[in-house]
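So the structure is just underneath, and the comments pick up after that.
All ligand and atom numbering here is 1-based and tracks the order in the structure.
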Amino acid sequence: MRIVLVGPPGAGKGTQASLLAEHLAIPHISTGDLFRANIRQGTELGRQVDAILREGGLVPDEVTVAMAADRMAQPDAANGFLLDGFPRNITQAKALDELLAESGTKLNAVLDLEVPEEEVVRRIAGRRTCRKDSSHTFHVENKPPREEGVCDVCGGELYQREDDQEGTVRKRLAVYHEETEPIIGYYGEQGLVSTISALAPVPEVTRRALEALPGGG
Ligand code: AP5
Ligand code: ZN
């Protein structure tokens, strides 16, 4: 199954993507996690994108599409994947369609996670992220780690992402409305979109997402 997860920053895309990917036995591909891994490892790509992520802007499309295409071409993604944070605008959505057409495949579903803005701000303010692997996320109230400041999964140090400061979150939300939301209409015309209310406990949102997938996941 080839799935795109879309929704505002802090909607719970990463949280749901990890759970759904495990359930469906497909890789979770997050462009945000890939960029942060490059920044942490000090690669050339990481140096190019560091300031953009800090400021909450979008990385240029050519760079993002090339990185996503490279990841989707790995053997573990041959039979499907769950994209989280990509595509993020119409140009990227069209580039993805072309990439899939070249390999004779297409998307099966787009899950749109809907969360009110006050809740997004609350979720991001309380989020703590693992320095070793940014797909390991916690929340001071909703999902506290067993030991304060320490990742349950790998023992890495937990920190607050630089782009989770309030001013940057507002910028990311504005970018989401302007650049990313239009892809919901684009995929809607292809009959691919299921909108899910993500204002519920994590397991309930997972249940709703699975139910919305073709064949019930
Ligand atoms: P990215 O990493 O994709 O960030 P984002 O889209 O802003 O999403 P977040 O990671 O902030 O949130 P999420 O929806 O995954 O929520 P989470 O599950 O953590 O992108 C970062 C940057 O990279 C961009 O700004 C851009 O610069 C660049 N970038 C990435 N992709 C790009 C692209 N395609 N093109 C160009 N640039 C790109 O949950 C949030 C918190 O809420 C957590 O603490 C969690 O524990 C908690 N939580 C989750 N679900 C629930 C629930 N149901 N109830 C209560 N709490 C919950
Ligand atoms: Zn970790």
Side-chain angles (χ1 to χ4, degrees), residues 4-20 28-40 45-46 48-69 71 83-89 91-93 95-96 111-115 119-145 149-164 168-169 171-176 179-180 183 196-209:
V4 166
L5 212 53
V6 63
K13 298 182 297 297
T15 302
Q16 292 303 327
S18 295
L19 295 165
L20 293 168
H28 165 200
I29 301 180
S30 157
T31 41
D33 287 339
L34 290 172
F35 287 134
R36 283 184 290 274
N38 274 279
I39 293 171
R40 188 172 61 84
L45 173 64
Q48 269 177 41
V49 304
D50 191 9
I52 301 173
L53 265 81
R54 274 175 203 279
E55 287 158 16
L58 290 187
V59 173
D61 293 330
E62 316 81 76
V63 176
T64 306
V65 171
M67 181 185 72
R71 179 62 187 88
L83 296 175
D84 158 14
F86 177 84
R88 224 170 179 101
N89 58 28
T91 308
Q92 293 182 12
L96 174 62
L111 299 176
D112 163 30
L113 298 186
E114 212 172 48
V115 184
E119 174 67 7
V120 156
V121 171
R122 207 181 63 80
R123 287 187 187 178
I124 290 186
R127 170 166 57 193
R128 298 295 179 268
T129 302
C130 176
R131 274 201 197 276
K132 282 195 190 160
D133 182 337
S134 67
S135 72
H136 303 159
T137 58
F138 299 84
H139 191 281
V140 289
E141 286 162 17
N142 305 334
K143 191 190 169 191
V150 181
C151 174
D152 287 1
V153 184
C154 73
E157 183 201 352
L158 299 182
Y159 78 118
Q160 187 165 29
R161 271 169 46 182
E162 290 80 3
D163 61 345
D164 281 354
T168 316
V169 171
K171 159 100 188 274
R172 285 160 59 205
L173 278 165
V175 170
Y176 175 75
E179 299 269 337
T180 309
I183 73 171
I196 294 160
S197 167
L199 189 60
V202 171
E204 172 59 17
V205 180
T206 308
R207 197 193 61 73
R208 290 176 189 174

Inset, instruction - Compute the shortest N/O to N/O distance between Asp164 and ligand 1 and return yes if it is under 3.5 Å, no if not. - result: no
Inset, instruction - Give the contacting part of Thr64 toward ligand 1: side chain, backbone, both or neither, where contact means a heavy-atom distance below 4.0 Å. - result: side chain
Legend entry - Numbered atoms of ligand 1 (with element) below 4.0 Å of Val202, judged on heavy atoms: 50 (N), 51 (C), 52 (C), 53 (N)
Inset, instruction - Please identify which atoms of ligand 1 are closer than 4.0 Å to at least one heavy atom of Gly14. - result: 13 (P), 15 (O), 18 (O)
Legend entry - Nearest non-hydrogen partners of Ile196 and Ala209, listed with the distance: CD1-CA, 3.5 Å
Inset, instruction - Identify the two heavy atoms, one from Gln48 and one from Val63, that lie closest to each other, and give their separation to 0.1 Å. - result: OE1-CG2, 4.0 Å
Inset, instruction - For Gly85, take its heavy atoms, then give the atoms of ligand 1 lying under 4.0 Å from any of them. - result: 31 (N), 32 (C), 33 (C), 34 (N)
Legend entry - Value rounded to 0.5 Å, distance of OG in Ser134 from CG in Leu34: 8.5 Å
Inset, instruction - Can you list, by chain and residue number, the protein N, O or S atoms under 2.8 Å from the Zn ion (ligand 2)? - result: Cys130 SG, His136 ND1, Cys151 SG, Cys154 SG
Inset, instruction - Under 4.0 Å from a heavy atom of Gly57: give me the atoms of ligand 1 that qualify, with their elements. - result: 25 (O), 26 (C), 27 (O)
Legend entry - Protein residue, atom and distance nearest to atom 16 (O) of ligand 1, heavy-atom basis: Gly12 N, 3.2 Å
Legend entry - Taking atom 19 (O) of ligand 1 as the reference point, the nearest protein heavy atom with its distance: Arg127 NH1, 2.6 Å
Inset, instruction - Go through ligand 1 atom by atom and flag the ones less than 4.0 Å from a non-hydrogen atom of Gln92. - result: 33 (C), 34 (N), 35 (N), 36 (C)
Legend entry - Test of proximity, Lys143 against ligand 1: N or O pairs below 3.5 Å: no
Inset, instruction - Please confirm whether Val205 comes within less than 3.5 Å of ligand 1 when only nitrogen or oxygen atoms on both sides are compared. - result: no
Inset, instruction - List the steps, then state whether side chain to side chain contact (heavy atoms under 4.5 Å, CB included) holds for Arg123 with Val120. - result: CA-CA 5 Å; Arg123 287 187 187 178; Val120 156; 5.9 Å; no
Legend entry - Residues forming a side-chain contact (heavy atoms from CB on, under 4.5 Å) with Thr168, sequence neighbours excluded: Asp163, Gln165, Arg172
Inset, instruction - Starting from atom 30 (C) of ligand 1, find the nearest protein heavy-atom neighbour and note its residue, name and distance. - result: Arg88 NH1, 3.5 Å
Legend entry - Nearest non-hydrogen protein atom, atom 13 (P) of ligand 1: Lys13 N, 3.5 Å
Inset, instruction - Evaluate the side-chain proximity of Asn38 to Val49: yes if any heavy-atom separation is below 4.5 Å, no if none is. - result: no
Inset, instruction - Determine whether Thr31 and Val59 make a side-chain contact, defined as any pair of heavy atoms from C-beta on separated by less than 4.5 Å. - result: no
Inset, instruction - Taking side-chain contact (heavy atoms from CB on, under 4.5 Å) as the test, write out the residues that go with Val140, two or more places apart. - result: Arg128
Inset, instruction - Please work out which of Asn89, Thr15, Thr168 has its closest non-hydrogen atom nearest to atom 18 (O) of ligand 1. - result: Thr15
Legend entry - Side chain, backbone, both or neither: Arg128 near ligand 1, heavy atoms under 4.0 Å: neither
Legend entry - Residue pairs fulfilling salt bridge (charged side-chain N to carboxylate O under 4.0 Å, His left out) with at least one residue in residues 48-67, sequence neighbours excluded: Asp50-Arg54
Inset, instruction - For ligand 1, indicate whether the residue Tyr176 contacts it via side chain, backbone, both or neither (heavy-atom separation under 4.0 Å). - result: neither
Inset, instruction - Ignoring angles and geometry beyond distance, decide whether Thr31 reaches within less than 3.5 Å of ligand 1 through its nitrogen or oxygen atoms. - result: yes
Legend entry - Which of the ligand 1 atoms, numbered from 1, are nearer than 4.0 Å to a heavy atom of Arg172: 4 (O), 5 (P), 7 (O), 9 (P), 11 (O)
Legend entry - Note, Asp33 side chain near His28 side chain (heavy atom, < 4.5 Å): yes
Inset, instruction - Grab the two heavy atoms, one from Lys143 and one from Thr137, that are nearest each other, plus how far apart they are. - result: NZ-O, 3.0 Å
Legend entry - Non-hydrogen atoms of Val205 and Ala200 that approach each other most closely: CG2-O, 3.4 Å
Legend entry - Beyond-backbone contact of Cys130 with Cys154, side-chain heavy atoms, under 4.5 angstrom: yes
Legend entry - Heavy-atom gap Ala11 to ligand 1 smaller than 4.0 Å: yes
Inset, instruction - Flag the pair Thr64 / Phe86 as yes when at least one side-chain heavy-atom distance between them is below 4.5 Å, and no otherwise. - result: yes
Inset, instruction - For atom 38 (C) of ligand 1, find the nearest protein heavy atom and state the residue, atom name and distance (0.1 Å precision). - result: Phe35 CE1, 3.7 Å
Inset, instruction - Looking only at protein heavy atoms, identify the closest one to atom 56 (N) of ligand 1 and say how far it is in Å. - result: Asn142 ND2, 2.8 Å
Inset, instruction - Indicate yes or no: at least one non-hydrogen side-chain atom of Lys13 is less than 4.5 angstrom from one of Val6. - result: no
Legend entry - Numbering as shown, the atoms of ligand 1 that approach Phe138 to under 4.0 Å (heavy-atom distance): 43 (C), 44 (O), 46 (O)
Inset, instruction - Side-chain contact test, heavy atoms from C-beta onward, threshold under 4.5 Å: evaluate it for Arg71 versus Leu83 and give yes or no. - result: no
Legend entry - For atom 53 (N) of ligand 1, closest protein heavy-atom neighbour: Ala200 O, 2.7 Å
Legend entry - Per-atom contacts of ligand 1 with Leu53, taking only distances under 4.0 Å to non-hydrogen atoms: 22 (C), 23 (O), 27 (O), 28 (C)
Legend entry - Any N or O of Val59 closer than 3.5 Å to N or O of ligand 1: yes
Inset, instruction - Could you tell me which non-hydrogen atom of Val169 sits nearest to which non-hydrogen atom of Ile124, and how far apart they are? - result: CG2-CG2, 3.5 Å
Inset, instruction - Would you check if Glu162 and Leu53 make a side-chain contact, meaning some heavy-atom pair closer than 4.5 Å? - result: no
Legend entry - Identity and separation of the nearest protein heavy atom to atom 4 (O) of ligand 1: Arg161 NH2, 3.4 Å
Inset, instruction - Work out which heavy atom in Ile183 is nearest to a heavy atom in Pro87; give both atom names and the distance. - result: CD1-O, 3.3 Å
